[in-house]
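Structure record follows, encoded as structure tokens.
What's counted below: heavy atoms across the whole structure, side chains too, no hydrogens, waters or symmetry copies. Numbering of ligands and ligand atoms starts at 1, following listing order. In this chain, numbering begins with 1 at the start of the sequence shown.
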Amino acid sequence: MPITILIGAQWGDEGKGRVVDWLASSADIVARYAGGDNAGHTVAINDDVYKLHLIPSGVLQDGVISIMGNGMVVNPVNLVKEIKGLQAMGVEITPKRLLISSRAHIITPAHIALDKAKELERGDRAIGTTLRGIGPAYMDKTGRTGIRTGDMLLDVEVFAERLYGAISRTNEVLVAQGVEALNPQEAALDYIDAAEFLRPYIIDTSIYLYKALKEGKKVVCEGAQGTLLDVDHGSYPFVTSSSPTAGGALTGLGVGPMSVDRVLGVAKAFSTRVGGGPMPTELEGEIANQLRGTGENFWDEYGTTTGRPRRCGWLDIVMLRYAVSVNGLSEVMLTKMDILSGLGDLKLAVAYEVDGKQYEYPPVTNEELERATAVYETLEGWQEDISGCRTFAELPEAARKYIQRVSELCDVPINVVSVGPERDQLVLNS
Ligand code: IMP
């Protein structure tokens with residue numbers, strides 16, 4: 001297993017953090033390849049709940065090296081806060097255990113201001129971004145005007161000048177949007193301190209990975225967000241600005257495809273989405289409320305980063321099939337199966353109907369997708385609490401049939417499901 005790529009197979013929030021934590025127990029390196037602190041990966045270990053936004057979830061496993069890849073966009077101030085927060089919880093984070101690519105891009109305070117201004121401008125077509133400055137930072141990257149984490153290795157004055165320059169450039173766009181410009185010196189103050197702190201962590205991570213793979217080390221690539229938020233493959237423009245899909249792992253880390261031997265998709269046993277955009281299986285009412293939970297538990301369906309209630313619905317097989325195809329998933333793992341207990345009959349959206357025509361894969365245009373209605377197949381549910389099950393044989397027959405049917409409909413093996421947030425609440429097909 002040289003490289004396993006772990007992908008969110010839906011709209012993010014599939015429970016990837018806990019899966020990475022599990023995979024990391026038999027890996028040497030966990031490397032994140034896309035996105036920034038728009039992500040929120042939660043891992044529960046005994047009584048502690050760790051919420052990670054930038055640092056790969058592998059940091060919670062002793063002896064595992066964590067890498068933040070070049071495909072990421074990094075807010076250095078928030079990264080320092082996250083490192084210190086985890087250190088305060090007893091997690092060992094040193095420049096030997098956390099390596100940051102010198103080629104990741106920096107999110108400036110002006111990017112955050114611009115993200116907010118753009119969302120306001122979009123009005124009722126707002127994307128519902130996390131307002132972390134993600135889109136504007138990637139725009140500067142592809143526009144070749146961004147500043148990179150490697151710039152933090154320069155003399156502090158030189159880095160400061162680059163940062164002021166970057167903020168001033170974004171200021172021009174802000175002012176054109178009718179928003180007050182930021183004072184570059186004031187806005188950058190915390191960034192200078194953060195740069196000093198982060199300097200020892202920054203290296204060329206792609207060369208590091210190349211050498212590690214040559215030595216036979218096992219690497220898990222940790223996806224953030226999900227396939228349906230991918231800037232190319234998601235329901236554009238209601239997407240993030242990075243490539244959470246399998247191809248993004250290669251470019252976002254600088255590794256070649258020949259080392260990859262497993263592409264694992266994580267999907268929740270139902271659907272959730274935060275932010276705007278089409279969601280053909282979205283539900284309202286009692287079942288949606290049961291799927292969402294009340295918000296009292298950290299695993300309820302409220303954003304880890306923004307606290308927003310998530311939209312909830314039945315499992316969308318059309319989208320999952322699509323995720324299998326665009327990522328070449330070798331297997332799927334279903335999370336939160338326990339939440340389906342006691343719901344009564346369960347539904348799977350096996351196709352969409354648009355203007356009287358049925359689709360097994362999403363229709364080509366977003367306009368059609370917005371008009372799509374789900375065609376459901378109904379399966380018998382189960383009443384039992386399954387949170388204590390650890391093998392497929394222990395699951396109620398209806399739960400086994402649900403898994404089996406999803407696997408058949410998507411033509412992909414499913415050999416692991418999760419039945420609760422704790423590290424050991426995994427059910428294996430063994
Ligand atoms: P952005 O990434 O903040 O620009 O947000 C773009 C879209 O992606 C919005 O619909 C967000 O709600 C969604 N999004 C971004 N990150 C996550 C995530 O980690 N989980 C779920 N949705 C996300």
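Near T129, meaning under 4.0 Å from any of its heavy atoms, are these atoms of ligand 1: 1 (P), 3 (O), 4 (O), 5 (O), 9 (C). Every atom of ligand 1 with a heavy atom of W11 under 4.0 Å away is listed here by number and element: 21 (C), 22 (N). If you number the atoms of ligand 1 from 1 as listed, the ones under 4.0 Å from a heavy atom of G128 come out as 9 (C), 10 (O), 11 (C), 12 (O). Atoms of ligand 1 lying under 4.0 Å from any heavy atom of V274, numbered from 1 in the order shown and given with element: 10 (O), 12 (O), 21 (C), 22 (N).
Residue contact check for ligand 1: A39 places a non-hydrogen atom closer than 4.0 Å to it. Look at T306 and you'll find every heavy atom at least 4.0 Å from all atoms of ligand 1. Residue R273 places no heavy atom under 4.0 Å from ligand 1. Put simply, no part of R132 is less than 4.0 Å from ligand 1, judged by heavy atoms.
For the pairing with L52, the side-chain contact (heavy atoms from CB on, under 4.5 Å) check across V20, L86, T304 returns one residue only, L86. Here the options are N327, T245, T240, the test is side-chain hydrogen bond (donor to acceptor under 3.5 Å, both in side chains), and the partner is D230; only T245 passes.
Among all non-hydrogen protein atoms, the one lying nearest atom 21 (C) of ligand 1 is D13 OD2, 3.0 Å. With respect to atom 3 (O) of ligand 1, the closest heavy atom belonging to the protein is T130 OG1, 2.6 Å. Nearest protein heavy-atom contact of atom 6 (C) of ligand 1 is V239 O, 3.4 Å. Looking only at heavy atoms of the protein, atom 13 (C) of ligand 1 is closest to L229 CD1, 3.8 Å.
Judged purely by distance below 3.5 Å, without hydrogens or angles, the side chains of R308 and T306 pair a donor atom with an acceptor atom. The closest side-chain donor-acceptor pair between N415 and E331, if any, does not fall under 3.5 angstrom. A donor-acceptor contact closer than 3.5 angstrom is absent between the side chains of D13 and T272. Counting only N and O atoms by type, the side chains of H111 and D140 include a donor and acceptor under 3.5 Å apart. Judged purely by distance below 3.5 Å, without hydrogens or angles, the side chains of T129 and D115 pair a donor atom with an acceptor atom.
Considering each of N38, T240, L228, the one bringing a non-hydrogen atom nearest atom 18 (C) of ligand 1 is N38. Here atom 17 (C) of ligand 1 lies nearest to Q225 when heavy atoms of Q225, K118, R310 are compared.
In terms of polar-atom proximity, defined here as any N/O pair under 3.5 Å, S241 makes no such contact with ligand 1. For a threshold of 3.5 Å applied to N or O pairs, the pair formed by D115 and ligand 1 contains no separation below that value.
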Listing, residues 174-186 side-chain donor-acceptor contacts under 3.5 Å, not counting sequence neighbours, or none:
unit_1, atom_1, unit_2, atom_2, d
Q177, OE1, K118, NZ, 3.2
N183, OD1, Q185, N, 3.0
N183, OD1, E186, N, 3.1

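With a 4.0 Å cut-off on non-hydrogen atoms, T304 does not touch ligand 1 at all.
D345 CG: more than 12 foreign heavy atoms inside a 6.0 Å radius. The local environment of CG in D411 is sparse, with at most 12 non-hydrogen atoms from other residues, nucleotides or ligands closer than 6.0 Å. Within 6.0 Å of OH in Y236 there are 12 or fewer heavy atoms belonging to other residues, nucleotides or ligands.
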